[in-house]
Amino acid sequence: MASIVGCLPITSLTSITQISQFPENPKSLILQQCKTPKDLRQVHAHLLKTRRLLDPIITEAVLESAALLLPDTIDYALSIFNHIDKPESSAYNVMIRGLAFKRSPDNALLLFKKMHENSVQHDKFTFSSVLKACSRMRGLKEGEQVHALILKSGFKSNEFVENTLIQMYANCGQIGVARHVFDGMPERGIVAWNSMLSGYTKNGLWDEVVKLFQKILELNIGFDDVTMISVLMACGRLANLEMGELIGEYIVSKGLRRNNTLMTSLIDMYAKCGRIDTARKLFNEMDKRDVVAWSAMISGYAQADRCKEALNLFHEMQKGNVDPNEVTMVSVLYSCAMLGAYQTGKWVHFYIKKKKMKLTVTLGTQLIDFYAKCGYIDRSVEVFKEMSFKNVFTWTALIQGLANNGEGKMALEFFCLMLENDVKPNDVTFIGVLSACSHACLVDQGRNLFNSMRRDFDIEPRIEHYGCMVDILGRAGFLEEAYQFIDSMPFPPNAVVWRTLLASCRAHKNIEMAEKSLEHITRLEPTHSGDYILLSNTYALVGRVEDAIRVRSLIKEKEIKKTPGCSLIELDGVVHEFFSEDGEHKHSKEIHDALDKMMKQIKTLGYVPNIEGARLEAEEENKETSVSHHSEKLAIAYGLIRTSPRTTIRISKNLRMCGDCHNATKYISQAFERMIIVRDRNRFHHFKDGLCSCKDYW
DNA sequence: AGGAGGCCGC
């Protein structure tokens, strides 16, 4: 023991050692009053000087403080432990429990092994700690060995041990075995029920959570806040508002509204069930909002497709001096990606680096998606390379991003690299890969990949994959083959599939098949305005103006609601929205003038407005309309006057760009010497010097 | 207690 004394800083005295009378039994002093590692070292030194450390009860109190209560003192605890002559089982238990919750839980197992070798008797506390270590390290094999030992040692029916067995099996993905242990218990306390419930939540078995909770209600055995947290999580995922509200009412009736953890779960449940405003009301009523509550609320807005509000709330969070963490940032970046809010997202990335936040797989994946959705695919690749651990989500996000940014070939290269790295693609990965083929006109590769799905990867193609194939064939002009392909599908085609074909018919001016496609679509989705417009535009392209007008008038006759075009532009971190339906009167004279000037200037370069298109739209709107009213033109004009020369203008639009706007933007990029990046409904257009990266293939 | 990728088109 003498060797420890040498490393103790006994020079400075803190308030604790200044206590004039050191108590007879200092156990509670050690456990309750040592608040920092420094306090503990002072007390330890005092105990050494007075030789009180020879008392095992006191030594164990010091061990408990160092191993369990104080942060970063596990090594200190170990050095004390290693100097105990013959540690008793209680000393081992403290150490094993401490190690189980530290960075390397496998050290707990090593100590357990040593305990066994030294023939020190283990008890229920030992087993429950060792199982916790197995649970944390996802060590199923080790856990099973411990389980065998438990059966041999006769601790099988100890409730503590059985509860941790449930947790261990559930954590290691063996939910069936966990349930088996649960079912075999002669008596189950609420901890056993809660362990089983949280096991189901960890494995995403939300239905089972609700079922088990219903059993708790039937048996009338009572439950606690831990139970409610699991059930609320499940209600959120299942959108089971009925049961979620039941628990909400219970919380209010029992006066549990001060329980912040519980309230956060309730807020999250309401948000996930689409009751975002109810969630917000509860959030506002909380008296202390921590980072988790803020994150839940921000993520709620993001999931409800109210990304502008998500970002506003994030700004409020910062004003409230609550530091965001990597979970918050995932929702914030998601919102930036949805809105195309590049500046905000770039700042978030900077903040993540500055605060040295952990680049978790989720956060890294979200960053990749964010950069890709803002048209900065190079940055996506950079982030991808920086990430130390990548999973199938990460690879898929990158592949999808490359595909949407016109880098179809590179997307396929990364797909090969993914396979070389032994990451198994899933169904979504194939959607990314196939859409890469369609955007890059890689017909044969597309066919081969589609055929390999079931054959080589055991993935059953779903309607989405068939949809991609129709897109690949149709865009490339193989309309007949695309039609046959739809015919050969093992399930009935949906409206999306027919709409894909219809869009290809417009691109390749095939009236007959376009009419057929619309017939199919209207049977499935009769109130979808876009399809009539597609057919109308196809007629217009081949000069059948009367037919084009007739089809458009159908929209009005059938009282179908049109989706207004909307473009976003972010300036100095603020997102501005422009709607085509606003008409010019809604915008300031400044924007109106800028638009006029812009259109005049590109006309001098040879831009010819699509008068026919304008006439068609005017017919339908029953009012005077000019070709310059589309929202992306407004947003670009606004960008031109509000940003300094040569700055890149970035627009994101909710619909596909129309041919006229695409053509005009090429001229604008030339006339004003601007790089213009437009993200439309499903891909990117990088305009520069009068050309577009999509090579007019879209 | 809070977090990631998804066919078409308007």
Side-chain angles (χ1 to χ4, degrees), chain A residues 201 225-226 228-230 232-233 236 259-269 271-272 290-300 302-303 324-334 337 360-370 372-373 391-401 403-404 425-432 434-435 438 461-472 474-475 493-504 506 517 521 525 528-534 536-537 555 560-566 580 653-656 658 680-682:
Chain A
T201 65
D225 51 341
V226 181
M228 287 188 273
I229 288 164
S230 289
L232 285 170
M233 261 172 91
N259 183 330
N260 273 7
T261 315
L262 204 46
M263 287 316 281
T264 303
S265 299
L266 191 61
I267 287 169
D268 187 55
M269 183 279 297
K272 286 200 168 67
D290 64 1
V291 59
V292 182
W294 283 97
S295 303
M297 198 60 231
I298 291 171
S299 131
Q303 287 166 42
N325 62 17
E326 67 264 18
V327 179
T328 326
M329 291 318 202
V330 172
S331 299
V332 173
L333 280 168
Y334 172 88
T360 56
V361 202
T362 314
L363 184 57
T365 303
Q366 192 54 67
L367 268 171
I368 289 171
D369 190 55
F370 158 73
K373 288 215 167 82
N391 63 14
V392 59
F393 278 79
T394 321
W395 286 91
T396 305
L398 184 70
I399 289 169
Q400 191 77 47
N404 286 333
N426 63 18
D427 50 343
V428 185
T429 317
F430 272 98
I431 292 175
L434 291 173
S435 88
S438 85
R462 287 185 289 117
I463 194 140
E464 286 87 346
H465 301 99
Y466 281 89
C468 288
M469 264 327 277
V470 173
D471 199 43
I472 291 172
R475 260 183 231 279
N494 61 11
V496 174
V497 169
W498 287 117
R499 193 170 298 133
T500 308
L501 186 66
L502 175 55
S504 295
R506 177 187 57 177
S517 304
I521 298 174
E525 281 182 14
H528 194 278
S529 63
D531 304 320
Y532 295 91
I533 293 170
L534 266 175
S536 162
N537 289 346
I555 299 176
I560 297 170
K561 245 186 99 195
K562 263 182 59 178
T563 310
C566 169
S580 61
K653 191 183 165 162
N654 66 337
L655 310 177
R656 297 296 316 266
C658 79
D680 74 14
R681 189 74 182 91
N682 72 348

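Letters A, B, ... mirror the listed sequences (proteins, then strands); counts begin at 1. Note: hydrogens, waters and symmetry copies are ignored here, and every other heavy atom, side chains too, is used.
Of the side-chain N and O atoms in A:Lys373, one or more sit less than 4.0 angstrom from OP1 or OP2 of B:dG6. Between A:Arg506 and the phosphate of B:dC10, there is a side-chain N or O to OP1/OP2 separation shorter than 4.0 Å. At B:dG3, one or more side-chain N or O atoms of A:Ser299 fall inside 4.0 Å of OP1 or OP2 (strictly under the cut-off). OP1 or OP2 of B:dA1 has not a single side-chain nitrogen or oxygen of A:Lys272 nearer than 4.0 Å. Regarding contacts with the backbone of B:dG3, a side-chain N or O of A:Gln303 is found under 4.0 angstrom from either OP1 or OP2.
Here the nucleotide nearest the side chain of A:Ile431, chosen from B:dA1, B:dC8, B:dG6, is B:dG6. Relative to the side chain of A:Asp290, the nucleotides B:dA4, B:dA1, B:dC10 differ in distance, and B:dA1 lies closest. Comparing B:dC10, B:dA4, B:dG2 by their nearest atom to the side chain of A:Asn325 picks out B:dG2. Among the nucleotides B:dG3, B:dC10, B:dA1, the one closest to any side-chain atom of A:Leu534 is B:dC10. Closest contact between the side chain of A:Thr362 and the listed nucleotides B:dG3, B:dG6, B:dA1 involves B:dG3.
Residue contacts for A:Asn682: at a heavy-atom cut-off of 4.0 Å it reaches the sugar-phosphate backbone alone, with no base atom in range. Here A:Thr500 lies in heavy-atom contact (under 4.0 Å) with sugar-phosphate atoms only. Heavy atoms of A:Ser265 sit under 4.0 angstrom from primed sugar atoms or phosphate atoms, though from no base atom. As judged by a 4.0 angstrom heavy-atom cut-off over every strand, A:Thr360 is placed among the base-contacting residues. Residue A:Leu655 is classed as a base contact, given a heavy-atom separation below 4.0 Å to a base. Using a 4.0 Å heavy-atom criterion, one finds that A:Met233 contacts the sugar-phosphate atoms exclusively. Contact annotation for A:Tyr334: backbone-only contact, meaning every heavy-atom pair under 4.0 Å involves sugar-phosphate atoms and none involves a base. At the heavy-atom level, A:Val392 lies under 4.0 Å from base atoms of the strands shown. When heavy atoms are screened at a 4.0 angstrom cut-off, A:Asp268 is found touching the sugar-phosphate backbone but no base atom. Residue contacts for A:Gly467: at a heavy-atom cut-off of 4.0 Å it reaches a base atom on one of the strands shown. Contacts of A:Ile463 with the nucleic acid, taken as non-hydrogen atoms under 4.0 Å apart, include base atoms.
Shown are A:Thr394, A:Thr396, A:Leu363, A:Leu333; of these, the side-chain contact (heavy atoms from CB on, under 4.5 Å) with A:Ile368 is made only by A:Thr394. Shown are A:Val330, A:Thr360, A:Val361; of these, the side-chain contact (heavy atoms from CB on, under 4.5 Å) with A:Gln366 is made only by A:Val330.
The NZ-P distance, from A:Lys653 to B:dC10, rounds to 8 Å in whole Å. The interatomic distance linking A:Tyr466 (OH) with B:dC8 (C1') rounds to 18 Å, in whole Å. Atom CZ in A:Arg462 sits about 14 Å away from atom P in B:dC8, given to the nearest Å. A straight line from CZ of A:Arg499 to P of B:dC7 spans 13 Å, rounded to a whole angstrom. Rounded to whole angstrom, the span from the CG atom of A:Asp471 across to the P atom of B:dC7 amounts to 10 Å. Summarising the geometry, the separation between CG on A:Leu367 and P on B:dG3 is reported as 17 Å, rounded to the nearest angstrom. Counting to the nearest Å, the P atom of B:dG3 and the CD1 atom of A:Ile298 are 12 Å from each other. Atom CG in A:Leu232 sits about 13 Å away from atom C1' in B:dG2, given to the nearest Å.
A:Gln303 and A:Ser299 share a side-chain donor-acceptor pair at under 3.5 Å. Checking A:Thr201 against A:Ser230 by side-chain atom types alone, no donor-acceptor pair falls below 3.5 Å. Remark: the A:Asp268 side chain and the A:Ser265 side chain contain no N/O donor-acceptor pair separated by less than 3.5 Å.
Counting distance only, with no hydrogens placed and no angle test, the side-chain atoms of A:Asn391 and the base atoms of B:dA4 include a donor-acceptor pair under 3.5 Å.
Take A:Phe430 and apply the ring pair (Phe, Tyr, Trp, His ring centres under 6.0 Å) test, not counting sequence neighbours, and it matches A:Phe415, A:Phe457. With sequence neighbours excluded, the residues satisfying salt bridge (charged side-chain N to carboxylate O under 4.0 Å, His left out) with A:Glu464 are A:Arg462.
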